[in-house]
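Below is one structure, written out as structure tokens, with a few remarks after it.
Note that the structure is predicted; figures quoted are calculated from it, not measured. Whatever order the structure lists them in is the order used to number ligands and atoms, beginning at 1.
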Amino acid sequence: MKVRIDVTEERPEAAPSLLDPADWNAFRSTAHALLDRLISQIEQAADGPVWTPMPATVKRRLAEPLPREPRSVDDVCNDLAELILPYGTGNTHPRFWGWVHGSGTAGGMLAEMATAAINANCGGRDHGAIHVEKCVLDWMAQWFGFPKTTAGGLLVTGSSMANLLGLAAARNRAIKNVRRDGINEARLTGYVSREAHSCIVKAFELLGLGRDALRRVRVDDNFALDVDRLRAEVKQDRADGFQPFCCIATAGTVNTGASDDIAALADFCRSEGLWLHVDGAFGALTILCPELAPRLAGIERADSLAFDFHKWLHVPYDAGCLLVREQKTLLDTFADRAPYLASGAALAGGDIWPCDLGPELSRGFRALKVWFTLQEHGTRRLGEAIARNCRQAQTLAAKLASRPAIRVMAPVPLQIVCCRYEADGMDETAIDTLNAELVATLQRRGIAAPSTCRIGERLCIRVNITNHRTSEADLTVLVQAIDAIGAELAAATQPERRRAVS
Ligand SMILES: Cc1ncc(COP(=O)(O)O)c(C=O)c1O
């Protein structure tokens with residue numbers, strides 16, 4: 001006889017949860033007030049300074065002892081509003097242009113709330129969140145032209161992690177039984193441009209290959225990897241007994257936004273039997289812009305691809321993606337489940353779980369905020385936001401170049417503009433110091449938040465526009481501020497310079 005329990009019947013009297021609200025209505029009104037506060041914060045993202053440093057008094061409050069007894073959720077929300085919400089990085093502000101930050105969306109915030117409500121563990125099993133992630137990955141495979149029947153991947157924290165895992169798969173293919181035996185005597189070498197992101201170096205260190213095994217290949221005048229030079233280095237390494245195993249193309253370098261010739265690298269990798277990994281952290285998203293996508297030609301031939309949703313798609317942190325053309329390469333690299341995790345019937349269903357494709361077992365439901373953003377804005381509008389940033393970068397470069405004291409330091413293929421305030425009579429090192437101080441002053445005064453980088457030896461002001469709230473008026477504010485603060489700082493150093501000369 002089948003035992004039936006009517007799950008629609010009211011649950012028998014039970015002791016209340018220790019952690020759920022005792023009064024749901026009171027909780028509801030506190031939550032609605034907080035949501036209103038959060039929506040206003042995003043609505044008014046352009047108001048006030050770009051960056052507000054956390055005052056010492058607030059830091060002291062945060063350092064207070066951990067409470068042993070419960071506090072009311074009202075009190076905790078008040079502390080949240082007073083101690084934490086005003087002191088963000090600033091990347092929701094229209095004049096935040098530092099590093100490569102996305103600026104978030106109001107819809108993304110809703111998705112994050114829904115994610116917490118479901119509280120899904122996406123390590124595996126058969127539930128909705130797993131199917132949403134699968135759906136997002138299928139869309140990504142379509143975007144980048146990866147084969148529908150074999151491609152696969154994983155949502156991860158960001159491109160640093162996606163690069164590491166893609167390169168782990170490359171290493172696994174290169175060394176038989178590396179999972180059992182380690183790398184032992186293998187003398188693997190990989191190749192990447194000198195402009196590549198530092199996380200690729202870290203990946204080589206973490207994979208036990210050592211940073212010297214990563215050859216940093218010279219770039220051309222456009223800061224793209226010099227393919228002739230690559231050819232020569234691989235040949236030399238083979239002659240010296242090394243085992244070249246992978247080449248990493250960058251689609252959008254962090255300093256200048258340069259892209260390597262992925263099609264040429266794909267040809268080269270095929271002829272040499274190398275794994276082609278593409279670091280497309282932000283640049284890969286230009287696939288959504290008809291006028292920019294041709295720069296990515298050849299990306300569909302990559303063995304693996306890393307990119308982020310939290311950068312140019314403005315999905316709330318964190319959300320990155322690793323896509324591989326053969327899902328099997330990830331299974332070969334990572335699959336290994338303890339008996340208690342075996343696939344089975346019902347909720348334990350599904351052949352391949354995300355934990356088979358990467359090192360993590362418990363994983364959050366990152367796919368929901370990606371899915372929500374794609375649904376809410378659609379690829380056309382998201383692509384237009386990216387293209388607009390690139391047009392803004394061209395406008396900014398032209399405005400900067402028209403100022404006699406400002407020099408644009410590199411081509412502007414996408415959204416990054418590097419420039420330098422060059423005061424008369426200063427040597428290069430003093431100009432470096434002045435530009436570093438100029439960036440810090442812009443941030444301290446809350447005017448704008450660019451960051452710095454080095455082009456060759458020289459320190460530059462680096463303006464990265466991955467910001468859907470930036471307008472042309474914001475760019476004008478920046479140009480005027482660079483000119484005015486540059487002149488102010490140069491004037492302040494004049495007495496020193498006079499003393500040095502006399
Ligand atoms: C080209 C490139 N690769 C990798 C990364 C690292 O990405 P994440 O910060 O998402 O780990 C960045 C970050 O800016 C980047 O620009």
Do the numbers put Arg211 on top of the ring of Phe204, so that NZ or CZ is under 6.0 Å from the six-membered ring centre and no more than 45° off the axis? no

How far is atom 3 (N) of ligand 1 from its nearest protein heavy atom, and which residue and atom name does that atom have? Asp279 OD2, 2.6 Å

Could you tell me which atoms of ligand 1, counted from 1 in the order shown, lie closer than 4.0 angstrom to a heavy atom of Gly252? 1 (C)

Going through the distances and angles, do Val324 and Leu357 end up as a side-chain contact (heavy atoms from CB on, under 4.5 Å)? CA-CA 10 Å; Val324 289; Leu357 304 171; over 6 Å; no

Verify the distance criterion only: is there a donor paired with an acceptor across the side chains of Trp97 and Thr470 at less than 3.5 Å? yes

Atom indices of ligand 1, in the order listed, that fall short of 4.0 Å to a heavy atom of Val254: 14 (O), 16 (O)

Note: ligand 1 atoms sitting under 4.0 Å from heavy atoms of Phe282 are 16 (O)

Ligand 1 contact by Lys311, heavy-atom criterion under 4.0 angstrom: yes

Polar proximity ligand 1 side, Asn163 side, N/O cut 3.5 Å exclusive: no

Which is it for Ala281 and ligand 1 at heavy atoms under 4.0 Å: side chain, backbone, both or neither? side chain

Among non-hydrogen protein atoms, atom 15 (C) of ligand 1 lies closest to His197 CD2, 3.3 Å

Answer whether the closest heavy-atom distance between the side chains of Arg363 and Glu133 falls below 4.5 Å. yes

Quick one: do Glu384 and Arg391 make a salt bridge, cutoff under 4.0 Å? yes

Under 4.0 Å from a heavy atom of His310: give me the atoms of ligand 1 that qualify, with their elements. 10 (O)

Using a 4.0 Å cut-off to any heavy atom of Asp308, which atoms of ligand 1 qualify? 7 (O), 8 (P), 10 (O)

Can you name the atoms of ligand 1, numbered from 1 with element, that are less than 4.0 Å from a heavy atom of Val100? 14 (O)

For ligand 1, is there an atom lying under 4.0 Å from some heavy atom of Thr253? no

N-O pairing of Arg420 and Asp432 below 4.0 Å: yes

Proximal atoms of ligand 1 relative to Cys199 (non-hydrogen, under 4.0 Å): 4 (C)

With heavy-atom distances below 4.0 Å as the criterion, list the atoms of ligand 1 near Gly158. 10 (O), 11 (O)

Determine whether the side chains of Ser160 and Lys202 contain a donor N or O and an acceptor N or O closer than 3.5 Å. no

Give me the residue, atom name and distance of the protein heavy atom closest to atom 11 (O) of ligand 1. Ser160 OG, 2.6 Å

Check this for me: does any side-chain nitrogen of one of Asp308 and Lys311 sit under 4.0 Å from a carboxylate oxygen of the other? yes

For the residue pair Val100 and Tyr317, what are the closest heavy atoms and their distance? O-OH, 3.8 Å

Looking only at distances, please establish whether an N/O atom of ligand 1 is found under 3.5 Å from an N/O atom of Thr250. no

Any side-chain donor paired with an acceptor under 3.5 Å for Asp483 and Tyr421? no

